[in-house]
Amino acid sequence: MSRSVDQEWADRREAMVSDQIEARGIADPRVLAAMRKVPRHECVLEATRGAAYADEPLPIGYGQTISQPYIVAYMSEALGLTGNERVLEIGTGSGYQTAVLAELAAEVFTIETVGPLLERARGVLGGLGYRNVRFREGDGSGGWPEEAPFDAILAAAAPAAVPPALRDQLAPGGRLILPVGSAHQDLVLIRRRAGGFEERILIPVRFVPMIQGGPA
């Protein structure tokens, strides 16, 4: 019985990757493999589990959401991870993006300002067997200076402007991807070069605002 249920979820994941992600141009084989593997239904609330593989964000409580699968894949691919990187994530949320990053990188450091969400994600990811993730409760706009620099930083919440601390905590050649803006938001990719920072606007998006000033 459990095998057939597991297979049903796997079939839904396969359809999600094929119809929502590959069909829209995501081609990195490591990202596609991670999206096929990570059980999104384990990261959502019980009430929305039936919609876990739908092409939409879902509420996860405390005014926060789990991002649309395509956006998770898009942001992950944009970072160009090869498997050896140390990655900082701002906004643990449900832990879904965290798990995808844990599949793609050597170490993930994730910060969440809403304590109950952090603890729920910690439990989910521990249950799924991820051992390369470190958690912290606090204001993600300040990054994680004790562990910097990072090869990549991903923010899953939108500040009005790029927090300087996140730029500063990038390693040489490091990449930062985040939504920026209030009424209108764009996904921005920043790369640290020898002579400064290269910034590129990617696509319009809609994320929850970055909560600043939480516990440190």
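Taking a cutoff of 4.0 Å between a charged side-chain nitrogen and a carboxylate oxygen, R191 and E199 do not qualify as a salt bridge.
Nearest heavy-atom pair across A165 and S141 is CB-O, 3.6 Å. For D151 against N84, the heavy-atom pair with the smallest separation is OD2-O, 4.5 Å. Between R49 and E42 the shortest heavy-atom distance is NH2-OE1, 3.6 Å. Closest approach of L178 and P163 over heavy atoms only: CD1-CD, 4.0 Å.
For the atom pair CE (M75) and CG (L154), the distance works out to 4.0 Å, reported to the nearest 0.5 Å. With rounding to the nearest 0.5 angstrom, the CZ atom of R36 is 4.0 Å from the CD atom of E14.
Q64 and S94 share no side-chain donor-acceptor pair at under 3.5 Å.
Between the R167 side chain and the R192 main chain, no donor and acceptor come within less than 3.5 Å of each other. Between the side chain of Q7 and the main chain of V5, no donor-acceptor pair closer than 3.5 Å is present. The closest donor-acceptor contact from the side chain of E112 to the backbone of T92 lies under 3.5 Å. Within the 3.5 Å criterion, the main-chain N or O of A183 finds a donor-acceptor partner in the side chain of R206. A donor-acceptor pair is defined here as one N or O able to donate and one able to accept, closer than 3.5 Å; such a pair exists between the side chain of D28 and the backbone of R30. Checking side-chain atoms of R86 against main-chain N and O of E107 turns up no donor-acceptor pair under 3.5 Å.
For F109, the ring-ring contact (aromatic ring centres under 6.0 Å, His included) partners two or more places apart in sequence, or in a different chain, are W144, F150.
Side-chain atoms of P69 and Y53, non-hydrogen and from C-beta on, never get closer than 4.5 Å to each other.
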Indicate every side-chain donor-acceptor pair of residues 128-135 with a distance under 3.5 Å to a residue at least two apart or in another chain.
from	atom 1	to	atom 2	distance (Å)
Y130	OH	E103	OE2	2.7
R131	NH1	G126	O	3.2
N132	ND2	A102	O	3.1
N132	ND2	A105	O	3.3
N132	ND2	A106	O	3.3
R134	NH1	E147	OE2	2.9
R134	NH2	E147	OE2	3.2

